[in-house]
Amino acid sequence: MALDAAYFAYIALISATGSLLFGLDIGYLATIYTNGHFKEWIGLENPHDPAVLVPSGMQSIVTGAFSWGAIIASSPLIAPTFLDNQGRKGTMFAGGILFFFGAAMQCAAVGTIHMITAGRFVAGLSIGLLSASIPLYQSEVAPAAWRGKLTSVYQLNITIGIAIAQVLNFTILPMGVWGWRYVIAAQLIPCAFMLFALPTLPYSPTWLIKQGRYDEAKQTLIKLRGEEAASGEFELLRKIDERDKAIGEPSWGDALSNPRIRSLAVVGGCAQLFQQLCGMNVFMYYGPQIFQSMALNPAIMQFLLSVTNVAATFIGIMTIDALGRRSLFMIGGICMCMCCFVAGVGAHYEYNMIHCACIFLFVVFFASTWGPTAWVYTAEIYPSKYRSRLVGVSTSCNWVGNAVVGMVAPLLLNSIETKTYFVLCATNILNFAYGWWVPETKGVDLQSVPALWDGKLPADPDQLSDARKTT
Ligand code: BGC
């Protein structure tokens, strides 16, 4: 039976509605800070004067509340518990409910900024859960040949969310006193859609088997893979699960005392950390300030940058299963490094055209390589027994990196200015080296991926004891 591409497109789109929320959340706040009615509401004097800014201390508390929420919820102590007990779909649902409350608190905020801060924290918790569960769910549901494409839709929706947030800022934000509340309220629409549509998606077959729901797992696999392929995958998943259960339910002690798992945690954590340290969010968060320094219209340029981000993500989706993850990691690292170098030189000699072109090219290379690939890779490299825990580790590394870039970038931009690009040149060499070192996973079924690390990472004592049992 041929695989049903339309069904997988449906699964990818509905499950990735959560990442649309992620993108919306990244995209809307910076502009709301510049809105006169918002500044009036928080009690600033002369709020409609563009020179009057929301105090930077207040901005960092409100912005930081979101990052802290995301770090906490995606952390190994919270996300894996949800992923194992409530399942991948259940975790997405919980993320959706939290998002709804977080956004509702922000848009109904009364009195002081505290309710906005609390709402941002709840929204952060939600995005932490969503970013740990969506790529994992997508990679477990997808057939090996389409896994990269399907999981990349997660990244595509983040970029679309960022671009939509900017459209809302152009169109709805100027609608008077309530404008900023409307922008936040608009986020409730995709969130409600997601909450209604999620129940129509299949459960992850891996999770069903872990729960001992074998009949449901088999039926789900038949629907996802066709009759013939389903029975082979079902037997394999069941065998792996039986072996894992015979060794015992994993505890953090087991994970930390297993040298293979410790190393995998570092490798996956680095993928997400390097995705942040390459510097994409310097342009996502501080792009308007950089464009302004070149006397360009910050709102228009930032919108064009977001559209470029969306368009270039399609290149990643089209190439990730053909060229493979390693090539994208390496191409991305080397090309982003070159863009930063030329941007730094261009900025030094005040060649604005070159400086600006390099920023756009950087975004093209990020969106077509490291943007989707870091999420795809960290959802597929772990053995199923520890997958949810290790996804928690790598996702929280992404959020820690995100917070670090958010805090350090303005300090660098204000002190060494555009020499910041040379720092990014150096971090991107790490991105290239990462791709050069890791094994390729394209087209390999999820159950066989852990063996790709043999010879690169310390041996897995679980596998050894299993081999001993079978010989
Ligand atoms: C990253 C975000 C970034 C976005 C840009 C995501 O993969 O995790 O931090 O803002 O891509 O498109």
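Ligands are counted one by one from 1 in listed order, and the atoms in each one are counted from 1 as well.
Within ligand 1, the atoms closer than 4.0 Å to a non-hydrogen atom of Asn402 are 9 (O), numbered from 1 in the order shown. Each of the following atoms of ligand 1 lies closer than 4.0 Å to a heavy atom of Thr159: 12 (O). Atom numbering of ligand 1 starts at 1 in the shown order; those under 4.0 Å from a heavy atom of Asn398 are 8 (O).
Shown are Tyr28, Trp399, Phe99; of these, the ring pair (Phe, Tyr, Trp, His ring centres under 6.0 Å) with Phe22 is made only by Trp399.
Heavy-atom distances between Trp370 and ligand 1 stay at or above 4.0 Å for every pair. Heavy atoms of Gln276 come nearer than 4.0 angstrom to ligand 1 in at least one pair.
Classification of the Trp41-Trp180 ring pair by plane angle, with boundaries at 30° and 60°, yields tilted.
A distance-only check finds no donor-acceptor pair linking the side chain of Lys442 to the backbone of Gly148 [under 3.5 Å]. At distances below 3.5 Å, not a single donor-acceptor pair connects side-chain atoms of Arg389 with backbone N or O atoms of Pro76.
Counting only non-hydrogen atoms, the option in Ile158, Asn309, Ile26, Asn157 that gets closest to atom 12 (O) of ligand 1 is Asn309.
Side-chain contact annotation: Tyr285 with Asn402, donor-acceptor N/O pair under 3.5 Å present.
No N or O atom of Tyr285 sits closer than 3.5 Å to an N or O atom of ligand 1.
Summary of contacts: the protein heavy atom closest to atom 3 (C) of ligand 1 is Asn281 OD1, 3.4 Å.
In this structure, Arg120 pairs ionically with Asp25, as a charged nitrogen and a carboxylate oxygen lie closer than 4.0 Å.
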